[in-house]
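Order of the sequence lines fixes the chain letters, A, B, ..., with proteins taken first and strands second; residue numbering starts at 1 for each chain. Since we're looking at a predicted model, the values are computed, not measured.
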Protein chains: 2
Amino acid sequence: MKIATWNVNSIRIRLEQVIDWLNQNPVDVLCLQETKVIDKDFPILAFEKIGYYPYIYGQKSYNGVAIISRQPLEDVSMGFTTIVPEIEPEWDEQKRVITGVIDGVRIINLYVPNGSAVGSEKYEYKLGWLKILREYLQVLLLSNPAISMCGDFNIALEDIDIHDKVKIENHIMASEPERQALRDILSLGFADAFRKFNSEKGHYSWWDYRTAAFKRNLGWRIDHHYLTSVLCDRAQSCIIDVAPRKLEQPSDHTPVIVEF
Amino acid sequence: MKIATWNVNSIRIRLEQVIDWLNQNPVDVLCLQETKVIDKDFPILAFEKIGYYPYIYGQKSYNGVAIISRQPLEDVSMGFTTIVPEIEPEWDEQKRVITGVIDGVRIINLYVPNGSAVGSEKYEYKLGWLKILREYLQVLLLSNPAISMCGDFNIALEDIDIHDKVKIENHIMASEPERQALRDILSLGFADAFRKFNSEKGHYSWWDYRTAAFKRNLGWRIDHHYLTSVLCDRAQSCIIDVAPRKLEQPSDHTPVIVEF
DNA sequence: GCTCGTTTAG
DNA sequence: CTAAACGAGC
(Lines give C-alpha, C1' and ligand atoms only; values in the text may rest on other atoms or scores of the structure.)
Protein backbone atom coordinates (compact mmCIF):
# COMPACT_ATOMS: atom_id res chain seq x y z
CA MET A 1 0.00 0.00 0.00
CA LYS A 2 1.25 3.47 -0.94
CA ILE A 3 0.18 6.47 1.09
CA ALA A 4 1.10 10.07 0.34
CA THR A 5 0.78 13.16 2.53
CA TRP A 6 0.65 16.63 0.99
CA ASN A 7 -0.17 20.00 2.45
CA VAL A 8 -1.59 21.59 -0.71
CA ASN A 9 -2.25 25.08 0.67
CA SER A 10 -5.73 25.36 -0.91
CA ILE A 11 -7.13 22.45 -2.89
CA ARG A 12 -9.02 24.81 -5.16
CA ILE A 13 -5.86 26.64 -6.24
CA ARG A 14 -3.85 23.41 -6.47
CA LEU A 15 -6.48 21.08 -7.95
CA GLU A 16 -4.89 20.69 -11.38
CA GLN A 17 -1.46 19.98 -9.86
CA VAL A 18 -2.91 17.45 -7.43
CA ILE A 19 -4.88 15.62 -10.12
CA ASP A 20 -1.83 15.58 -12.41
CA TRP A 21 0.32 14.29 -9.58
CA LEU A 22 -2.17 11.52 -8.73
CA ASN A 23 -2.32 10.45 -12.36
CA GLN A 24 1.46 10.19 -12.45
CA ASN A 25 1.68 8.76 -8.92
CA PRO A 26 -1.35 6.51 -8.49
CA VAL A 27 -0.94 5.99 -4.76
CA ASP A 28 -3.62 4.09 -2.87
CA VAL A 29 -4.22 6.95 -0.47
CA LEU A 30 -3.50 10.67 -0.64
CA CYS A 31 -3.82 12.64 2.59
CA LEU A 32 -4.31 16.36 2.07
CA GLN A 33 -3.92 19.21 4.53
CA GLU A 34 -4.85 22.89 4.33
CA THR A 35 -7.62 22.29 1.83
CA LYS A 36 -9.02 25.67 2.93
CA VAL A 37 -12.52 25.01 1.70
CA ILE A 38 -15.92 24.18 3.13
CA ASP A 39 -17.19 20.72 2.27
CA LYS A 40 -19.82 21.84 -0.22
CA ASP A 41 -17.15 23.53 -2.35
CA PHE A 42 -14.58 20.71 -2.23
CA PRO A 43 -13.85 19.51 -5.81
CA ILE A 44 -15.10 15.97 -5.16
CA LEU A 45 -15.91 15.24 -8.79
CA ALA A 46 -12.37 15.84 -10.05
CA PHE A 47 -11.16 13.01 -7.81
CA GLU A 48 -14.06 10.71 -8.58
CA LYS A 49 -13.36 11.17 -12.28
CA ILE A 50 -9.89 9.65 -11.87
CA GLY A 51 -11.15 6.78 -9.74
CA TYR A 52 -10.72 8.00 -6.18
CA TYR A 53 -13.09 8.33 -3.24
CA PRO A 54 -12.65 11.60 -1.37
CA TYR A 55 -13.39 11.89 2.35
CA ILE A 56 -13.36 15.51 3.37
CA TYR A 57 -13.43 17.59 6.53
CA GLY A 58 -13.08 21.26 5.83
CA GLN A 59 -13.85 24.76 7.00
CA LYS A 60 -13.84 28.23 5.52
CA SER A 61 -10.43 29.80 4.70
CA TYR A 62 -8.23 27.83 7.06
CA ASN A 63 -7.11 24.28 7.84
CA GLY A 64 -9.17 21.46 6.38
CA VAL A 65 -8.07 17.86 5.75
CA ALA A 66 -9.10 15.17 3.29
CA ILE A 67 -8.33 11.54 2.54
CA ILE A 68 -8.45 10.61 -1.13
CA SER A 69 -8.59 6.83 -1.48
CA ARG A 70 -8.56 4.46 -4.43
CA GLN A 71 -10.89 2.14 -2.56
CA PRO A 72 -13.68 3.05 -0.16
CA LEU A 73 -12.63 3.65 3.44
CA GLU A 74 -14.28 1.96 6.38
CA ASP A 75 -14.90 3.43 9.77
CA VAL A 76 -14.33 7.02 8.65
CA SER A 77 -14.36 9.61 11.39
CA MET A 78 -13.73 13.32 11.54
CA GLY A 79 -12.37 15.23 14.52
CA PHE A 80 -11.31 14.14 17.98
CA THR A 81 -14.64 13.96 19.78
CA THR A 82 -16.17 11.29 17.54
CA ILE A 83 -13.45 8.96 18.86
CA VAL A 84 -13.08 10.38 22.37
CA PRO A 85 -16.37 11.99 23.46
CA GLU A 86 -14.73 13.33 26.62
CA ILE A 87 -12.59 15.76 24.62
CA GLU A 88 -13.91 19.33 24.74
CA PRO A 89 -15.77 20.10 21.48
CA GLU A 90 -13.72 23.30 21.04
CA TRP A 91 -10.81 21.11 19.93
CA ASP A 92 -12.83 20.19 16.86
CA GLU A 93 -13.65 23.73 15.81
CA GLN A 94 -10.58 23.75 13.60
CA LYS A 95 -10.78 20.93 11.07
CA ARG A 96 -7.46 19.13 11.45
CA VAL A 97 -8.18 15.41 11.95
CA ILE A 98 -9.67 12.74 9.72
CA THR A 99 -9.25 8.98 9.85
CA GLY A 100 -10.48 5.84 8.12
CA VAL A 101 -9.57 2.18 7.69
CA ILE A 102 -8.39 0.43 4.55
CA ASP A 103 -7.38 -3.25 4.44
CA GLY A 104 -7.20 -3.32 8.21
CA VAL A 105 -4.85 -0.32 8.32
CA ARG A 106 -6.07 2.77 10.13
CA ILE A 107 -5.00 5.88 8.28
CA ILE A 108 -4.86 9.07 10.33
CA ASN A 109 -4.40 12.36 8.52
CA LEU A 110 -3.42 15.40 10.61
CA TYR A 111 -2.83 19.07 10.19
CA VAL A 112 -1.05 20.07 13.39
CA PRO A 113 -1.42 23.77 14.34
CA ASN A 114 1.45 25.95 13.19
CA GLY A 115 1.83 27.74 16.52
CA SER A 116 2.85 31.11 15.11
CA ALA A 117 5.65 32.07 17.52
CA VAL A 118 7.11 30.37 20.60
CA GLY A 119 5.28 31.66 23.65
CA SER A 120 2.31 33.03 21.74
CA GLU A 121 -1.30 32.11 22.40
CA LYS A 122 -1.27 29.98 19.24
CA TYR A 123 1.82 28.21 20.51
CA GLU A 124 0.00 27.22 23.69
CA TYR A 125 -2.88 26.04 21.54
CA LYS A 126 -0.49 23.88 19.53
CA LEU A 127 0.94 22.26 22.66
CA GLY A 128 -2.55 21.72 24.05
CA TRP A 129 -3.70 20.24 20.75
CA LEU A 130 -0.79 17.79 20.76
CA LYS A 131 -1.83 16.59 24.22
CA ILE A 132 -5.36 16.03 22.96
CA LEU A 133 -3.96 14.20 19.93
CA ARG A 134 -2.12 11.87 22.29
CA GLU A 135 -5.35 11.00 24.09
CA TYR A 136 -7.04 10.40 20.76
CA LEU A 137 -4.27 8.10 19.60
CA GLN A 138 -4.30 6.16 22.86
CA VAL A 139 -7.95 5.32 22.26
CA LEU A 140 -7.44 4.38 18.62
CA LEU A 141 -4.45 2.18 19.51
CA LEU A 142 -6.69 0.06 21.77
CA SER A 143 -8.45 -1.37 18.73
CA ASN A 144 -6.03 -0.62 15.89
CA PRO A 145 -2.62 -2.26 15.99
CA ALA A 146 -1.84 -1.13 12.42
CA ILE A 147 -1.89 2.65 12.27
CA SER A 148 -0.38 4.81 9.57
CA MET A 149 -0.45 8.40 10.79
CA CYS A 150 0.66 11.17 8.51
CA GLY A 151 0.30 14.84 7.87
CA ASP A 152 1.80 18.25 8.31
CA PHE A 153 3.10 18.12 11.88
CA ASN A 154 4.64 21.57 11.81
CA ILE A 155 7.47 20.11 13.89
CA ALA A 156 10.98 19.14 12.86
CA LEU A 157 12.03 16.58 15.43
CA GLU A 158 15.78 16.71 14.88
CA ASP A 159 18.21 19.43 13.87
CA ILE A 160 19.13 17.43 10.76
CA ASP A 161 15.54 17.97 9.61
CA ILE A 162 16.24 21.70 9.27
CA HIS A 163 18.63 23.61 7.01
CA ASP A 164 21.43 25.24 8.95
CA LYS A 165 20.87 28.85 7.88
CA VAL A 166 18.27 29.33 10.61
CA LYS A 167 18.71 29.89 14.31
CA ILE A 168 16.75 26.92 15.62
CA GLU A 169 16.97 27.95 19.28
CA ASN A 170 13.36 28.54 20.33
CA HIS A 171 12.20 28.67 16.73
CA ILE A 172 8.60 27.66 16.08
CA MET A 173 8.48 24.07 14.78
CA ALA A 174 11.79 23.30 16.52
CA SER A 175 11.33 24.33 20.14
CA GLU A 176 11.96 21.74 22.83
CA PRO A 177 8.37 21.73 24.17
CA GLU A 178 7.01 21.02 20.69
CA ARG A 179 9.55 18.28 20.08
CA GLN A 180 8.86 16.77 23.50
CA ALA A 181 5.12 16.79 22.83
CA LEU A 182 5.74 14.96 19.56
CA ARG A 183 8.13 12.49 21.23
CA ASP A 184 5.44 11.81 23.85
CA ILE A 185 3.09 10.92 21.02
CA LEU A 186 5.59 8.73 19.20
CA SER A 187 6.36 6.92 22.45
CA LEU A 188 2.88 5.40 22.22
CA GLY A 189 4.39 3.17 19.58
CA PHE A 190 5.08 5.10 16.39
CA ALA A 191 8.23 5.25 14.29
CA ASP A 192 9.26 7.76 11.64
CA ALA A 193 9.06 5.87 8.34
CA PHE A 194 11.45 8.26 6.60
CA ARG A 195 14.19 7.62 9.14
CA LYS A 196 13.92 3.86 8.66
CA PHE A 197 15.53 4.40 5.24
CA ASN A 198 17.47 7.60 5.51
CA SER A 199 19.58 9.08 8.28
CA GLU A 200 21.10 11.93 6.32
CA LYS A 201 20.47 15.56 6.89
CA GLY A 202 19.21 17.82 4.12
CA HIS A 203 15.88 16.18 3.26
CA TYR A 204 12.99 18.61 3.44
CA SER A 205 9.25 18.64 2.75
CA TRP A 206 8.53 22.35 3.22
CA TRP A 207 10.22 25.52 2.03
CA ASP A 208 8.89 28.93 3.07
CA TYR A 209 7.46 30.96 0.20
CA ARG A 210 9.40 33.92 1.53
CA THR A 211 13.07 34.73 0.96
CA ALA A 212 13.23 32.35 -2.05
CA ALA A 213 13.71 29.50 0.40
CA PHE A 214 13.19 26.72 -2.16
CA LYS A 215 15.70 28.11 -4.62
CA ARG A 216 18.24 28.28 -1.81
CA ASN A 217 17.11 24.90 -0.44
CA LEU A 218 16.35 26.37 2.97
CA GLY A 219 13.85 23.71 3.91
CA TRP A 220 12.35 21.87 6.85
CA ARG A 221 11.17 18.27 7.15
CA ILE A 222 7.85 18.75 8.92
CA ASP A 223 5.57 16.40 6.93
CA HIS A 224 5.78 12.90 8.30
CA HIS A 225 4.59 9.32 8.15
CA TYR A 226 4.54 7.71 11.59
CA LEU A 227 3.83 3.98 11.65
CA THR A 228 3.09 1.52 14.41
CA SER A 229 5.65 -1.29 14.58
CA VAL A 230 3.60 -3.87 12.66
CA LEU A 231 3.57 -1.45 9.69
CA CYS A 232 7.04 -0.01 10.10
CA ASP A 233 8.46 -3.52 10.04
CA ARG A 234 6.98 -4.16 6.62
CA ALA A 235 7.66 -0.65 5.23
CA GLN A 236 9.56 -0.77 1.96
CA SER A 237 10.26 2.88 1.28
CA CYS A 238 9.55 6.45 2.29
CA ILE A 239 10.48 9.17 -0.15
CA ILE A 240 9.96 12.88 -0.62
CA ASP A 241 8.89 13.89 -4.12
CA VAL A 242 10.37 17.34 -4.63
CA ALA A 243 9.01 17.72 -8.17
CA PRO A 244 5.69 19.45 -7.35
CA ARG A 245 7.53 22.14 -5.40
CA LYS A 246 9.29 23.10 -8.67
CA LEU A 247 6.11 23.81 -10.61
CA GLU A 248 4.63 27.23 -11.26
CA GLN A 249 2.41 28.39 -8.38
CA PRO A 250 3.34 25.48 -6.13
CA SER A 251 2.28 24.63 -2.61
CA ASP A 252 4.99 25.44 -0.11
CA HIS A 253 4.96 21.73 0.84
CA THR A 254 5.74 18.74 -1.35
CA PRO A 255 4.40 15.16 -1.12
CA VAL A 256 5.95 12.47 1.07
CA ILE A 257 5.13 8.87 0.10
CA VAL A 258 5.40 5.75 2.23
CA GLU A 259 5.01 2.18 0.96
CA PHE A 260 4.39 -0.87 3.12
CA MET B 1 -3.59 53.72 -40.40
CA LYS B 2 -5.29 51.20 -38.11
CA ILE B 3 -6.26 52.24 -34.59
CA ALA B 4 -7.84 49.96 -31.99
CA THR B 5 -9.54 50.85 -28.70
CA TRP B 6 -9.82 48.29 -25.91
CA ASN B 7 -10.86 48.61 -22.30
CA VAL B 8 -8.74 45.79 -20.91
CA ASN B 9 -9.92 45.92 -17.28
CA SER B 10 -6.39 45.63 -15.82
CA ILE B 11 -3.41 45.45 -18.15
CA ARG B 12 -1.54 43.25 -15.69
CA ILE B 13 -4.24 40.58 -15.69
CA ARG B 14 -4.80 40.88 -19.44
CA LEU B 15 -1.21 41.32 -20.62
CA GLU B 16 -0.85 37.97 -22.35
CA GLN B 17 -4.16 38.37 -24.16
CA VAL B 18 -3.27 41.89 -25.27
CA ILE B 19 0.17 40.89 -26.55
CA ASP B 20 -1.31 37.88 -28.37
CA TRP B 21 -3.99 40.07 -29.90
CA LEU B 22 -1.44 42.66 -31.06
CA ASN B 23 0.69 39.96 -32.65
CA GLN B 24 -2.34 38.70 -34.55
CA ASN B 25 -3.68 42.21 -35.20
CA PRO B 26 -0.65 44.42 -35.77
CA VAL B 27 -2.53 47.72 -35.67
CA ASP B 28 -0.56 50.94 -35.78
CA VAL B 29 -2.04 52.19 -32.54
CA LEU B 30 -3.75 50.46 -29.63
CA CYS B 31 -5.57 52.66 -27.12
CA LEU B 32 -6.09 51.00 -23.75
CA GLN B 33 -8.43 51.96 -20.93
CA GLU B 34 -8.75 50.78 -17.34
CA THR B 35 -5.12 49.77 -17.15
CA LYS B 36 -5.50 49.97 -13.34
CA VAL B 37 -1.83 50.32 -12.64
CA ILE B 38 0.61 53.01 -11.61
CA ASP B 39 3.15 53.96 -14.25
CA LYS B 40 6.12 52.29 -12.59
CA ASP B 41 4.33 48.91 -12.70
CA PHE B 42 3.03 49.15 -16.27
CA PRO B 43 4.45 46.25 -18.34
CA ILE B 44 6.29 48.53 -20.77
CA LEU B 45 8.84 45.91 -21.77
CA ALA B 46 6.29 43.40 -23.04
CA PHE B 47 5.15 45.96 -25.62
CA GLU B 48 8.63 47.12 -26.52
CA LYS B 49 9.61 43.51 -27.15
CA ILE B 50 7.02 43.23 -29.92
CA GLY B 51 7.98 46.54 -31.47
CA TYR B 52 5.62 49.06 -29.89
CA TYR B 53 6.15 52.30 -27.99
CA PRO B 54 3.90 52.58 -24.93
CA TYR B 55 2.75 55.96 -23.63
CA ILE B 56 1.09 55.53 -20.27
CA TYR B 57 -0.96 57.54 -17.80
CA GLY B 58 -2.07 55.46 -14.86
CA GLN B 59 -3.08 55.48 -11.22
CA LYS B 60 -3.52 52.92 -8.46
CA SER B 61 -6.47 50.50 -8.75
CA TYR B 62 -8.77 52.50 -11.00
CA ASN B 63 -8.92 54.08 -14.45
CA GLY B 64 -5.63 54.53 -16.31
CA VAL B 65 -5.13 54.94 -20.07
CA ALA B 66 -2.31 54.14 -22.46
CA ILE B 67 -1.46 54.53 -26.12
CA ILE B 68 0.61 51.72 -27.61
CA SER B 69 2.09 52.84 -30.92
CA ARG B 70 4.14 51.12 -33.60
CA GLN B 71 5.99 54.38 -34.24
CA PRO B 72 6.91 57.07 -31.75
CA LEU B 73 4.21 59.63 -30.99
CA GLU B 74 4.79 63.35 -31.16
CA ASP B 75 3.29 65.99 -28.94
CA VAL B 76 2.17 63.51 -26.26
CA SER B 77 0.14 64.96 -23.45
CA MET B 78 -1.63 63.52 -20.42
CA GLY B 79 -4.72 64.95 -18.79
CA PHE B 80 -6.83 68.01 -19.52
CA THR B 81 -4.81 70.74 -17.87
CA THR B 82 -1.68 70.29 -19.97
CA ILE B 83 -3.79 71.38 -22.97
CA VAL B 84 -6.17 73.80 -21.19
CA PRO B 85 -4.42 75.27 -18.12
CA GLU B 86 -7.64 76.97 -17.04
CA ILE B 87 -9.29 73.64 -16.24
CA GLU B 88 -9.37 72.88 -12.50
CA PRO B 89 -6.58 70.40 -11.67
CA GLU B 90 -9.11 68.16 -9.84
CA TRP B 91 -10.34 67.00 -13.26
CA ASP B 92 -6.97 65.35 -13.77
CA GLU B 93 -6.91 63.43 -10.51
CA GLN B 94 -8.47 60.47 -12.27
CA LYS B 95 -6.28 59.35 -15.15
CA ARG B 96 -8.64 59.21 -18.10
CA VAL B 97 -7.11 61.24 -20.96
CA ILE B 98 -4.00 60.78 -23.08
CA THR B 99 -3.21 62.11 -26.54
CA GLY B 100 -0.40 62.16 -29.09
CA VAL B 101 0.20 62.81 -32.79
CA ILE B 102 1.20 60.33 -35.46
CA ASP B 103 1.57 61.23 -39.15
CA GLY B 104 -0.28 64.47 -38.54
CA VAL B 105 -3.23 62.70 -36.93
CA ARG B 106 -4.01 63.55 -33.34
CA ILE B 107 -5.05 60.46 -31.43
CA ILE B 108 -7.11 61.02 -28.29
CA ASN B 109 -7.71 58.10 -25.97
CA LEU B 110 -10.43 58.49 -23.33
CA TYR B 111 -11.90 56.59 -20.44
CA VAL B 112 -15.16 58.42 -19.72
CA PRO B 113 -16.45 58.02 -16.14
CA ASN B 114 -19.00 55.27 -15.70
CA GLY B 115 -21.41 57.39 -13.66
CA SER B 116 -22.67 54.58 -11.43
CA ALA B 117 -26.42 55.37 -11.36
CA VAL B 118 -28.48 58.18 -12.88
CA GLY B 119 -28.77 61.00 -10.35
CA SER B 120 -25.85 59.84 -8.22
CA GLU B 121 -22.86 61.96 -7.31
CA LYS B 122 -20.78 59.98 -9.78
CA TYR B 123 -23.37 60.67 -12.47
CA GLU B 124 -23.00 64.40 -11.92
CA TYR B 125 -19.24 63.94 -12.10
CA LYS B 126 -19.62 62.17 -15.44
CA LEU B 127 -21.73 65.00 -16.87
CA GLY B 128 -19.28 67.59 -15.54
CA TRP B 129 -16.36 65.62 -16.97
CA LEU B 130 -17.99 65.55 -20.41
CA LYS B 131 -18.34 69.34 -20.34
CA ILE B 132 -14.65 69.63 -19.52
CA LEU B 133 -13.85 67.19 -22.32
CA ARG B 134 -15.72 69.46 -24.72
CA GLU B 135 -13.58 72.44 -23.71
CA TYR B 136 -10.45 70.35 -24.13
CA LEU B 137 -11.51 69.24 -27.61
CA GLN B 138 -12.36 72.78 -28.65
CA VAL B 139 -8.78 73.79 -27.90
CA LEU B 140 -7.25 70.80 -29.66
CA LEU B 141 -9.43 71.35 -32.73
CA LEU B 142 -7.94 74.83 -33.15
CA SER B 143 -4.64 73.33 -34.25
CA ASN B 144 -5.58 69.75 -35.19
CA PRO B 145 -7.96 69.29 -38.12
CA ALA B 146 -7.33 65.53 -38.17
CA ILE B 147 -8.42 64.05 -34.86
CA SER B 148 -9.15 60.41 -34.15
CA MET B 149 -10.77 60.19 -30.73
CA CYS B 150 -11.53 56.82 -29.24
CA GLY B 151 -12.09 55.05 -25.98
CA ASP B 152 -14.63 53.68 -23.57
CA PHE B 153 -17.29 56.41 -23.57
CA ASN B 154 -19.65 54.57 -21.22
CA ILE B 155 -22.47 55.95 -23.35
CA ALA B 156 -24.62 54.21 -25.95
CA LEU B 157 -25.85 57.01 -28.14
CA GLU B 158 -28.78 55.22 -29.78
CA ASP B 159 -31.19 52.54 -28.65
CA ILE B 160 -29.89 50.25 -31.43
CA ASP B 161 -26.57 50.27 -29.59
CA ILE B 162 -28.17 48.39 -26.69
CA HIS B 163 -29.72 44.92 -26.51
CA ASP B 164 -33.45 45.06 -25.94
CA LYS B 165 -33.64 43.00 -22.75
CA VAL B 166 -32.87 46.08 -20.64
CA LYS B 167 -35.13 48.96 -19.65
CA ILE B 168 -33.14 51.82 -21.12
CA GLU B 169 -35.30 54.58 -19.62
CA ASN B 170 -32.96 56.51 -17.30
CA HIS B 171 -30.42 53.69 -17.37
CA ILE B 172 -26.82 54.72 -16.79
CA MET B 173 -24.98 54.91 -20.15
CA ALA B 174 -28.28 55.59 -21.94
CA SER B 175 -29.87 58.55 -20.12
CA GLU B 176 -30.79 61.58 -22.16
CA PRO B 177 -28.43 63.98 -20.31
CA GLU B 178 -25.48 61.67 -21.02
CA ARG B 179 -26.46 61.29 -24.67
CA GLN B 180 -26.95 65.03 -25.01
CA ALA B 181 -23.55 65.70 -23.47
CA LEU B 182 -21.99 63.34 -26.01
CA ARG B 183 -23.95 64.87 -28.89
CA ASP B 184 -22.70 68.30 -27.79
CA ILE B 185 -19.18 66.95 -28.08
CA LEU B 186 -19.72 65.32 -31.46
CA SER B 187 -21.27 68.55 -32.76
CA LEU B 188 -17.82 70.08 -32.61
CA GLY B 189 -17.15 68.07 -35.74
CA PHE B 190 -16.88 64.37 -34.96
CA ALA B 191 -18.59 61.42 -36.62
CA ASP B 192 -19.03 57.87 -35.39
CA ALA B 193 -16.77 55.75 -37.59
CA PHE B 194 -18.72 52.56 -36.89
CA ARG B 195 -21.97 54.09 -38.17
CA LYS B 196 -20.33 55.12 -41.45
CA PHE B 197 -20.28 51.44 -42.35
CA ASN B 198 -23.04 49.84 -40.33
CA SER B 199 -26.51 51.01 -39.43
CA GLU B 200 -27.79 47.75 -37.98
CA LYS B 201 -28.66 47.13 -34.39
CA GLY B 202 -27.07 44.32 -32.42
CA HIS B 203 -23.38 45.28 -32.55
CA TYR B 204 -21.82 45.55 -29.12
CA SER B 205 -18.43 46.19 -27.58
CA TRP B 206 -19.22 45.50 -23.91
CA TRP B 207 -21.07 42.74 -22.10
CA ASP B 208 -21.50 42.80 -18.31
CA TYR B 209 -19.63 40.04 -16.51
CA ARG B 210 -22.79 39.41 -14.53
CA THR B 211 -25.85 37.41 -15.57
CA ALA B 212 -23.89 35.62 -18.33
CA ALA B 213 -24.47 38.67 -20.50
CA PHE B 214 -21.99 37.66 -23.22
CA LYS B 215 -23.40 34.17 -23.61
CA ARG B 216 -26.85 35.69 -24.02
CA ASN B 217 -25.46 38.51 -26.20
CA LEU B 218 -26.85 41.16 -23.88
CA GLY B 219 -24.35 43.80 -24.92
CA TRP B 220 -23.87 47.53 -25.30
CA ARG B 221 -21.90 49.50 -27.89
CA ILE B 222 -20.10 51.99 -25.67
CA ASP B 223 -16.56 51.88 -27.11
CA HIS B 224 -16.24 54.29 -30.00
CA HIS B 225 -14.05 55.84 -32.65
CA TYR B 226 -15.07 59.43 -33.37
CA LEU B 227 -13.33 61.08 -36.32
CA THR B 228 -13.18 64.62 -37.62
CA SER B 229 -14.51 64.93 -41.18
CA VAL B 230 -11.12 64.88 -42.89
CA LEU B 231 -10.49 61.45 -41.35
CA CYS B 232 -14.03 60.09 -41.53
CA ASP B 233 -14.07 60.85 -45.26
CA ARG B 234 -11.08 58.61 -45.82
CA ALA B 235 -12.13 55.92 -43.29
CA GLN B 236 -12.18 52.46 -44.88
CA SER B 237 -13.60 50.32 -42.11
CA CYS B 238 -14.61 50.14 -38.49
CA ILE B 239 -15.12 46.71 -37.00
CA ILE B 240 -15.66 45.12 -33.60
CA ASP B 241 -13.48 42.08 -32.92
CA VAL B 242 -15.56 39.88 -30.66
CA ALA B 243 -12.93 37.12 -30.41
CA PRO B 244 -11.10 38.32 -27.27
CA ARG B 245 -14.36 38.41 -25.33
CA LYS B 246 -14.64 34.64 -25.95
CA LEU B 247 -11.32 33.78 -24.28
CA GLU B 248 -10.87 32.44 -20.76
CA GLN B 249 -10.71 35.25 -18.20
CA PRO B 250 -11.59 37.98 -20.71
CA SER B 251 -12.03 41.70 -20.29
CA ASP B 252 -15.70 42.67 -20.29
CA HIS B 253 -14.93 44.86 -23.34
CA THR B 254 -13.65 43.78 -26.74
CA PRO B 255 -11.51 45.75 -29.24
CA VAL B 256 -12.95 48.09 -31.86
CA ILE B 257 -10.68 48.84 -34.85
CA VAL B 258 -10.90 51.73 -37.29
CA GLU B 259 -8.88 52.06 -40.49
CA PHE B 260 -8.39 55.25 -42.49
C1' DG C 1 -18.33 38.43 -12.20
C1' DC C 2 -14.15 40.22 -12.04
C1' DT C 3 -10.27 43.16 -10.23
C1' DC C 4 -8.15 45.71 -6.77
C1' DG C 5 -6.34 47.02 -2.08
C1' DT C 6 -6.45 45.70 2.67
C1' DT C 7 -6.23 42.51 6.43
C1' DT C 8 -5.18 38.04 8.53
C1' DA C 9 -2.62 33.89 8.40
C1' DG C 10 1.19 30.93 7.42
C1' DC D 1 5.63 35.03 -0.88
C1' DT D 2 0.99 33.05 -1.21
C1' DA D 3 -3.93 32.38 -0.07
C1' DA D 4 -8.65 33.76 1.55
C1' DA D 5 -12.23 37.21 2.95
C1' DC D 6 -13.86 41.60 2.64
C1' DG D 7 -15.61 45.84 0.54
C1' DA D 8 -15.27 49.15 -3.50
C1' DG D 9 -16.16 49.96 -8.13
C1' DC D 10 -17.92 48.91 -12.52
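- There is no side-chain donor-acceptor pair under 3.5 Å between Gln33(B) and Asp152(B).
- Between the side chain of Thr35(B) and the backbone N or O of Ile11(B), no donor-acceptor pair lies under 3.5 Å.
- Comparing Tyr62(A) and Arg210(B) along DNA chain D, the residue whose closest nucleotide (by nearest heavy atom) sits nearer the 5' end is Tyr62(A).
- Spacing between atom CG of Asp208(A) and atom C1' of dA9(C) amounts to 12 Å, rounded to whole angstrom units.
- As rounded to whole Å, 13 Å separates atom P of dC4(C) from atom CD1 of Ile38(B).
- To the nearest angstrom, P of dT8(C) lies 18 Å from CD of Gln59(A).
- Within 4.0 Å (heavy atoms only), Lys122(A) reaches sugar-phosphate atoms of the nucleic acid but no base atom.
- The side chain of Arg14(B) places no N or O atom within less than 4.0 Å of a non-bridging phosphate oxygen (OP1 or OP2) of dC2(C).
- Nucleotide dG10(C) holds its P atom 8 Å from the CG atom of Asn63(A), rounded to whole Å.
- For the pair Gln249(A) and dC1(D), the criterion of a side-chain N or O lying under 4.0 Å from OP1 or OP2 is not met.
- For Ser61(A), no side-chain nitrogen or oxygen approaches OP1 or OP2 of dA9(C) to under 4.0 Å.
- Atom OH of Tyr123(A) and atom P of dG10(C) are 16 Å apart (whole Å).
- In this entry dG7(D) has dC4(C) as its Watson-Crick or G-U wobble partner, both defining distances falling under 3.5 Å.
- With rounding to whole Å, Lys36(B) atom NZ is found 16 Å from dA8(D) atom P.
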Practice item. Show your reasoning for whether ring pair (Phe, Tyr, Trp, His ring centres under 6.0 Å) applies to His225(B) and Phe194(B). Key: CA-CA 7 Å; His225(B) 288 278; Phe194(B) 186 80; 9.9 Å; no

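- Closest to the side chain of Asn9(B), out of dC10(D), dT3(C), dG9(D), is dT3(C).
- Contacts of Glu34(A) with the nucleic acid, taken as non-hydrogen atoms under 4.0 Å apart, are absent.
- Residue Phe153(B) contributes atom CZ, which lies 18 Å from atom C1' of dC10(D) at whole-angstrom precision.
- When the options Arg179(B), Lys201(B), Arg221(B), Arg195(B) are evaluated for a salt bridge (charged side-chain N to carboxylate O under 4.0 Å, His left out) with Glu158(B), the one that passes is Arg195(B).
- If you check dG9(D), dA4(D), dC10(D) against the side chain of Tyr111(B), the one that comes closest is dC10(D).
- Distances shorter than 4.0 Å separate some side-chain N or O of Lys60(B) from OP1 or OP2 on dT6(C).
- One atom, CD1 of Ile13(A), and another, P of dA5(D), lie 10 Å apart when rounded to the nearest Å.
- Residue Asn114(A) places its side chain closer to dG10(C) than to any other of dG10(C), dA4(D), dC10(D).
- In this structure, the nucleotide among dA4(D), dC1(D), dT3(C) sitting nearest to the side chain of Tyr209(A) is dC1(D).
- Between Tyr226(B) and Phe153(B), the ring planes lie perpendicular to each other; the angle is over 60°, past the 30° to 60° tilted range.
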